[in-house]
Amino acid sequence: MIAIKHRVLKLLIATTVIQSLTLQNATAEACTKPPVAKGTWVSCVASGVAIAQKNGKYGLVDRRGKTVADYQYDYISKFQDGFAIVTKEGKWGLVDPTGKHKIPLEYDDVWAFEDGFARVYKDGKMGVINKSNELVVPMVYEIIGSFNNGLAIVIKNDKFGYINQYNKAITPLIFDRGSKFDNGFAFVKKSEKWGVIDTQGTLVVPYIYDDIESISSEKTSAFIIEKDGMYGLMDRQRKVILPAKYEWFHFDYDAELASIKNDDGKGAINRQGVVVEPIYDRIYIRDNMIIAKLDDKYGIFDSKGKLLFPFEYDEYGYLKKGLGYLKQDEKVGLINNKGKQLTPIIFDELSVIRGMEDSYIEAKVGDKYGFVDDQGKTVIEVKYERWKAYQLKDARQNNDKNNK
């Protein structure tokens, strides 16, 4: 689910995200630690001060080790937007680098300032304050999410809506679920269906989907959409790039390809849409290649859908990362994942001996053995008994090592 369910959001309220005291964004070379008494832990200097711990309590010291804020706190966060979060006896506030309480210890929870605003929690309700501790969003909401694109999701009486940092309502509290804004859009659920709104609160995708799930990776962002038990894809601009007419599919972590299936057959997609149309008997993904089977013959596509090897092979076999073989008329040849045929199709067998940490591949013709390297070059001719081929291989590798 792209929206965190309500009871999970409530749990987030009760649990403050403890920020690591060591996160000073400094390398060992750039880290300056003030001189402090023996037995006192101290962080690197940041924002002109360092966090120090003595006898289980935290305070602030300057570059010379002089105490700026007494050792009285149970926790002090790193500084963000000019303030650090502090807690004492179960109450939370914020201090500046001089140790002054800019936000008093009166809240049950606080979040770091971002762009001059911070979320606060007290007596079961949330609001938003400015740096003068003035409420710009009143303490009336059960949940206020983080602000994205200047907007935040809010929950009140189990209904979801959206506000800006000055409590202007972008939408009424009318949704059953919602996501944070991303790239100018948010997913919202109403009457058991999901749709999409823009930053003006306008419905830009109607309530037609049963579920929407993020499949973002380090490279791209996309969403799996579900409608009437079938699945498709939507991009970050909330444009449908793959209609919801395929059986369930998924992308492995950070993978750019996935296989798909419908009544017409099997195919492949990337996070931008269809790469190989679903017309094949079998599809599987290896080394960023798409191996397809049609009418008992195999062909191979690259990750963009370009045909690398035509449908004239009897079998594809995986050897190791970047290498495989194709079989034709009971013979096999070596290929790589760039679509290059590295050897003629002349061998009875090609195999990698598991546990052997070298780049050689065992080749067999009849009852004779030899080796090729991962570029397809013959290193031991295929004319020896197996034991002799291995003896020659080992001797060659030892000789290569000695000549380096």
Side-chain angles (χ1 to χ4, degrees), residues 10-147 152 165:
K10 283 183 174 288
L11 180 61
L12 291 177
I13 280 295
T15 307
T16 298
V17 179
I18 302 298
Q19 297 166 300
S20 171
L21 296 175
T22 60
L23 288 176
Q24 300 297 331
N25 296 322
T27 63
E29 294 77 16
C31 176
T32 301
K33 291 189 176 184
V36 292
K38 186 177 180 180
T40 300
W41 176 89
V42 66
S43 73
C44 301
V45 172
S47 301
V49 292
I51 302 164
Q53 182 193 41
K54 183 171 64 177
N55 298 326
K57 294 295 182 180
Y58 292 89
L60 296 174
V61 297
D62 64 15
R63 294 179 183 275
R64 296 170 297 176
K66 182 181 177 181
T67 299
V68 173
D70 292 336
Y71 294 90
Q72 59 175 308
Y73 300 108
D74 301 316
Y75 166 74
I76 301 179
S77 77
K78 69 173 184 176
F79 281 85
Q80 181 174 323
D81 206 8
F83 292 86
I85 297 170
V86 294
T87 180
K88 181 181 178 181
E89 298 174 356
K91 291 298 181 180
W92 296 76
L94 295 106
V95 297
D96 67 13
T98 70
K100 292 182 179 179
H101 281 112
K102 292 298 184 179
I103 307 299
L105 290 159
E106 64 180 50
Y107 297 104
D108 300 325
D109 208 346
V110 297
W111 282 256
F113 272 100
E114 294 180 329
D115 300 324
F117 299 94
R119 293 172 292 152
V120 292
Y121 179 71
K122 187 176 181 180
D123 299 329
K125 299 294 182 182
M126 286 189 73
V128 176
I129 58 172
N130 61 21
K131 291 186 176 181
S132 298
N133 198 30
E134 298 169 332
L135 279 169
V136 293
V137 176
M139 308 281 286
V140 297
Y141 297 106
E142 299 159 20
I143 305 290
I144 300 176
S146 60
F147 284 88
Q165 290 163 318

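Because the structure is a prediction, the values reported are computed rather than measured.
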Could you tell me which non-hydrogen atom of [X] sits nearest to which non-hydrogen atom of [Y], and how far apart they are?
{"X": "Thr40", "Y": "Ala52", "answer": "CG2-CB, 4.2 Å"}
{"X": "Gln165", "Y": "Val136", "answer": "O-CG2, 3.4 Å"}
{"X": "Ser77", "Y": "Ala84", "answer": "O-CB, 3.4 Å"}
{"X": "Ala152", "Y": "Gly145", "answer": "CB-O, 3.4 Å"}
{"X": "Gly93", "Y": "Val110", "answer": "O-CG2, 4.0 Å"}
{"X": "Pro35", "Y": "Arg63", "answer": "CD-O, 3.5 Å"}

Kindly indicate whether the side chain of [X], heavy atoms from C-beta on, has any atom under 4.5 Å from the side chain of [Y].
{"X": "Ile103", "Y": "Ile129", "result": "yes"}
{"X": "Tyr121", "Y": "Trp92", "result": "no"}
{"X": "Lys91", "Y": "Tyr107", "result": "no"}
{"X": "Phe83", "Y": "Lys131", "result": "yes"}
{"X": "Tyr141", "Y": "Arg119", "result": "no"}
{"X": "Val61", "Y": "Val49", "result": "no"}
{"X": "Asp70", "Y": "Thr67", "result": "yes"}

How many angstroms lie between atom [atom1] of [X] and atom [atom2] of [Y], to the nearest 0.5 angstrom?
{"X": "Leu105", "Y": "Gln72", "atom1": "CG", "atom2": "CD", "value": "7.5 Å"}
{"X": "Phe117", "Y": "Asn130", "atom1": "CZ", "atom2": "CG", "value": "6.5 Å"}
{"X": "Ile85", "Y": "Gln80", "atom1": "CD1", "atom2": "CD", "value": "7.5 Å"}
{"X": "Ser47", "Y": "Asp96", "atom1": "OG", "atom2": "CG", "value": "10.5 Å"}
{"X": "Glu114", "Y": "Asp81", "atom1": "CD", "atom2": "CG", "value": "8.0 Å"}
{"X": "Lys57", "Y": "Asp74", "atom1": "NZ", "atom2": "CG", "value": "3.5 Å"}

Exercise. I would like to know whether Val128 and Leu135 meet side chain to side chain contact (heavy atoms under 4.5 Å, CB included); could you show each step before the answer?
Key: CA-CA 6 Å; Val128 176; Leu135 279 169; over 6 Å; no

Quiz item: Do we get Lys54 above Tyr71's six-membered ring, with its NZ or CZ under 6.0 Å from the centre and within 45° of the axis?
Solution: yes

Exercise. For the pair Tyr58 and Ile51, evaluate side chain to side chain contact (heavy atoms under 4.5 Å, CB included) and give the outcome as yes or no after the intermediate values.
Key: CA-CA 7 Å; Tyr58 292 89; Ile51 302 164; 3.9 Å; yes

Quiz item: Hey, mind stepping through Leu94 and Val86 against side chain to side chain contact (heavy atoms under 4.5 Å, CB included) and telling me if it holds?
Solution: CA-CA 6 Å; Leu94 295 106; Val86 294; 5.9 Å; no

Quiz item: What's the verdict on side chain to side chain contact (heavy atoms under 4.5 Å, CB included) for Val42 and Gln53, showing C-alpha distance, side-chain angles and the deciding distance?
Solution: CA-CA 6 Å; Val42 66; Gln53 182 193 41; over 6 Å; no

Exercise. Say whether, by atom type as modelled, one donor and one acceptor occur between the side chain of Arg64 and the main chain of Pro34 under 3.5 angstrom.
Key: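 Absent.
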
Quiz item: Does a salt bridge link Lys125 with Asp123, judged by any charged N lying under 4.0 Å from a carboxylate O?
Solution: no

Quiz prompt | Salt-bridge present (Asp109, Lys122; N to O < 4.0 Å) | solution =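 No salt bridge links Asp109 with Lys122.
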
